[in-house]
Number of protein chains: 2
Amino acid sequence: MLSEAVQDYLKAIYKLSRAPETGQMVSTTLIAERMGVSPASATNMIKRLAEMNILQHRPYQGVELTPSGVRMALEIVRHHRLLELYLRQALGYDWDAVDAEADRLEHAISEDFEDRIDEALGFPTVGAHGEPIPTKEGNIAETDYARLSELTTGQRACIRQVSDRDPALLRYLDQHGLVLGTEIRIAEKAPFSGPMRLDVGASGEQHIGLEVAEAIYVDVLD
Amino acid sequence: MLSEAVQDYLKAIYKLSRAPETGQMVSTTLIAERMGVSPASATNMIKRLAEMNILQHRPYQGVELTPSGVRMALEIVRHHRLLELYLRQALGYDWDAVDAEADRLEHAISEDFEDRIDEALGFPTVGAHGEPIPTKEGNIAETDYARLSELTTGQRACIRQVSDRDPALLRYLDQHGLVLGTEIRIAEKAPFSGPMRLDVGASGEQHIGLEVAEAIYVDVLD
DNA sequence: GAGTGAATTTAGCCTGTGCTAAACATTTAG
DNA sequence: CTAAATGTTTAGCACAGGCTAAATTCACTC
Ligand SMILES: [Mn+2]
Ligand SMILES: [Mn+2]
Ligand SMILES: [Mn+2]
Ligand SMILES: [Mn+2]
């Protein structure tokens with residue numbers, strides 16, 4: 001069994017390696033930052049993960065998960081996303097509270113528990129914030145969403161996924177009607193990385209900053 | 001936050017201190033045995049727990065939880081018993097499978113989670129194996145059940161609680177209709193710690209050994 | 001009351017996971 | 001093309017929680 005610390009590193013490295021900003025090599029600093037740990041501690045763990053064949057380490061260059069590392073990461077991600085959805089649907093958690101709880105539970109549940117909540121949820125393919133849920137076999141749907149921040153005035157879009165990194169941001173989105181499935185139209189996009197004015201389905205007109213717009217992933221409509 | 005290891009020691013010591021066999025002082029060996037750990041390791045942990053004022057350690061004599069230690073133990077016990085019941089009622093776990101799962105989850109859930117499953121279960125007072133569930137305030141109902149093994153021929157009784165220590169035993173009880181709430185009559189009790197013959201409500205006549213009879217707690221009926 | 005066997009503690013070790021400070025590589029700028 | 005800045009690793013340490021082997025204490029018997 002992988003320790004809790006190993007599992008959390010693994011998940012963090014997986015997510016970083018999938019982020020569009022970073023190349024396929026993930027840097028020590030980035031991992032350390034994300035884990036809230038000193039760079040030296042990250043290096044230390046990286047060497048142990050490399051020893052376990054969970055990733056390949058090119059010193060001073062970065063880190064890349066091995067195929068088996070990816071598989072292990074997807075198992076943890078599956079736990080996390082199923083749990084988030086279960087907390088929301090079965091226990092009435094708010095959008096912004098599920099991540100913290102799932103971050104602890106993901107290490108404690110059995111495969112049996114995983115299967116039972118999967119069934120209770122009707123075998124969902126998408127999590128509480130719109131992320132694809134990896135299958136038990138280790139496959140994950142590739143998504144091709146645009147960031148809301150990339151759209152221009154007049155375009156219409158449907159919200160498909162939001163970043164789950166910051167609970168305060170999730171609360172903000174909720175209050176402004178920017179939830180999964182909502183259709184929006186860019187009423188105006190200020191230049192020089194300025195704010196956006198949106199027509200949001202039921203909630204009317206909303207002004208949001210760039211950082212918010214970057215955390216929202218959409219399907220562009222026609 | 002207490003570490004997982006500390007929480008598990010605490011729970012084990014609490015349960016041992018409440019078992020009728022042991023006096024109020026719990027011995028190092030007993031703790032080591034229950035935790036599956038060497039006596040030296042138990043001593044080591046005991047000294048740390050004493051340092052934290054969770055218990056009082058009289059070297060070579062044993063250990064007794066402080067009032068605040070008892071309170072902490074009851075919190076973990078509450079988590080465990082609510083979880084067991086939730087796994088059973090909400091997710092369809094079998095009687096004999098809930099303990100292992102709850103033993104890991106009990107350390108991972110938040111107070112919020114605790115409150116939500118408590119509510120989902122309708123604020124139960126008794127767990128999946130009949131154990132009283134401590135309240136959030138740290139009170140626990142005193143029970144005064146007889147062991148089935150103590151009864152004599154002709155007595156009638158109602159099963160109120162069973163030991164959750166051994167999954168195989170729980171499966172055995174289930175198969176023989178010896179579940180919570182079942183009424184039974186002692187048809188015959190063989191002398192010299194021999195087996196018992198029982199009339200069990202729906203399941204007819206059953207023969208059980210002493211070890212089984214000691215794991216069943218009952219209310220004697222008039 | 002001394003001796004013996006069992007229970008307990010102590011001593012010394014190991015692994016996992018964190019830290020800081022210092023050394024070392026790489027990248028960037030002049 | 002060298003030098004500073006930045007990123008990364010190494011060295012050395014700490015703490016939690018395990019272990020075994022050796023020492024100690026207790027309880028009991030003779
Ligand atoms: Mn999440
Ligand atoms: Mn986690
Ligand atoms: Mn239990
Ligand atoms: Mn436990």
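Note that the structure is predicted; figures quoted are calculated from it, not measured. Here is the naming used below: chain letters follow the sequence lines, and residue numbers restart at 1 for every chain. Reckoned from all heavy atoms, side chains included, excluding hydrogens, waters and symmetry mates.
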Nucleotide nearest Lys47(B) (side chain, heavy atoms from C-beta), chosen from dA27(D), dT26(C), dT10(C):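 Nearest nucleotide to the side chain: dT10(C).
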Which whole-number value in Å describes the distance from [X] [atom1] to [N] [atom2]?
| X | N | atom1 | atom2 | answer |
| --- | --- | --- | --- | --- |
| Asp8(A) | dG16(C) | CG | P | 17 Å |
| Met45(A) | dT10(D) | CE | P | 16 Å |
| Leu49(B) | dT9(C) | CG | P | 13 Å |
| Ile54(A) | dG16(C) | CD1 | P | 12 Å |
| Gln61(A) | dT27(C) | CD | P | 6 Å |
| Ile46(A) | dG18(C) | CD1 | P | 12 Å |
| Leu2(A) | dG16(C) | CG | C1' | 13 Å |
| Glu4(B) | dG18(D) | CD | C1' | 15 Å |

Can you tell me how far the CD atom of Gln61(A) sits from the CE atom of Met25(A), to the nearest 0.5 Å? 8.0 Å
Check: protein-nucleotides 19-24 of chain D nitrogen or oxygen pairs below 3.5 Å:
| from | atom 1 | to | atom 2 | distance (Å) |
| --- | --- | --- | --- | --- |
| dC19(D) | OP2 | Ser38(B) | N | 3.0 |
| dC19(D) | OP2 | Ser38(B) | OG | 3.1 |
| dC19(D) | OP2 | Ser41(B) | OG | 2.3 |

Parallel, tilted or perpendicular: which fits the ring planes of Tyr93(B) and Phe113(A), with parallel below 30° and perpendicular above 60°? tilted
Can you tell me which residue among Gln7(B), His80(B), His79(B) is in a side chain to side chain donor-acceptor pair (under 3.5 Å) with Glu106(B)? His80(B)
Can you run down the salt bridge (charged side-chain N to carboxylate O under 4.0 Å, His left out) pairs that involve residues 55-80 of chain A, sequence neighbours left out, and say none if there aren't any? Arg78(A)-Glu114(A), Arg78(A)-Asp118(A)
Salt-bridge test for Asp103(A) and Lys11(A): reply yes if a basic N is under 4.0 Å from a carboxylate O, no otherwise.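 Judged by the 4.0 Å cut-off on N to carboxylate O distance, Asp103(A) and Lys11(A) do form a salt bridge.
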Just do the side chain to side chain contact (heavy atoms under 4.5 Å, CB included) check on Asp96(A) and Asp174(A) with the steps written out, would you? CA-CA 9 Å; Asp96(A) 59 299; Asp174(A) 217 20; 6.0 Å; no
Ignoring backbone atoms, test whether Thr43(A) places a side-chain nitrogen or oxygen under 4.0 Å from the OP1 or OP2 oxygen of dT10(D). no
